[in-house]
Novice: 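One structure is given below, represented as structure tokens, and several questions about it will come after.
In this chain, numbering begins with 1 at the start of the sequence shown. Remember, it's a predicted structure, so these values are computed and weren't measured experimentally.
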Amino acid sequence: GAGMFVVSETQLRYLQPAVLDDLLRITVDLFEVGRASMTVRQQAWRDQTLLCEGSIRIGWVDSRTLQAARIPRNILEALQ
């Protein structure tokens, strides 16, 4: 059946402020992958200054029942 990712947990740490019109670089790294969920780490940079970092845990659920399910193999392969 069809499925989707949902956010189950997030954590952010703000280090420096950004202001309107700053050019920011956002990085995303796949940190941990399980059968039904994964965690990605993200960082926001202005030049060489780290402004914010955090992690987001997302889980795969059946889109009809919203029950946890295994992440489809083709999605896992595309993320590797």
Novice: Less than 4.5 Å apart, side chain to side chain, heavy atoms only: is that true for Ser37 and Phe5?
Specialist: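 No, their side chains stay 4.5 Å or more apart.
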Novice: Does a side-chain heavy-atom distance below 4.5 Å link Asn74 with Leu76?
Specialist: no
Novice: With sequence neighbours excluded, what pairs up with Leu79 under the side-chain contact (heavy atoms from CB on, under 4.5 Å) test?
Specialist: Leu30, Met38, Ile75
Novice: CD1 of Ile56 to OG1 of Thr39: how many Å apart, nearest 0.5 Å?
Specialist: 10.0 Å
Novice: Quick check: is Val7 connected to Val40 through a chain of hydrophobic side chains (ILVMFWY, heavy atoms under 4.5 Å apart)?
Specialist: yes
Novice: What residues join Met4 in its hydrophobic cluster, counting side-chain heavy atom gaps under 4.5 Å, either direct or through other members?
Specialist: Val6, Val61, Leu66
Novice: Could you tell me which residues satisfy side-chain contact (heavy atoms from CB on, under 4.5 Å) with Gln11, sequence neighbours excluded, listed by chain and number?
Specialist: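 Gln11 satisfies side-chain contact (heavy atoms from CB on, under 4.5 Å) with Ser55 once adjacent residues are dropped.
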Novice: Per the salt bridge (charged side-chain N to carboxylate O under 4.0 Å, His left out) rule, what does the pair list look like for residues 49-60, sequence neighbours excluded?
Specialist: Arg13-Glu53, Glu32-Arg57
Novice: Output every pair passing salt bridge (charged side-chain N to carboxylate O under 4.0 Å, His left out) with a member in residues 67-80, not counting sequence neighbours, ordered by first then second residue.
Specialist: none
Novice: Any idea which heavy atoms bring Ala69 and Ala36 closest together, and the distance?
Specialist: O-CB, 3.2 Å
Novice: Could you grab the distance from atom CG of Leu15 to atom CG of Leu12, nearest 0.5 Å is fine?
Specialist: 10.5 Å
Novice: Mind listing the closest non-hydrogen atom pair of Ile26 and Ala44 along with its distance?
Specialist: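 That would be CD1-CB, 3.5 Å.
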Novice: Side-chain heavy atoms under 4.5 angstrom apart, residues restricted to Ile, Leu, Val, Met, Phe, Trp, Tyr: same cluster for Trp45 and Leu51?
Specialist: no
Novice: Does any pair with a residue in residues 14-29 pass side chain to side chain donor-acceptor pair (under 3.5 Å), and if so which ones, sequence neighbours excluded?
Specialist: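 Checked against side chain to side chain donor-acceptor pair (under 3.5 Å) - neighbours excluded - the pairs reaching residues 14-29 are Asp22-Arg46.
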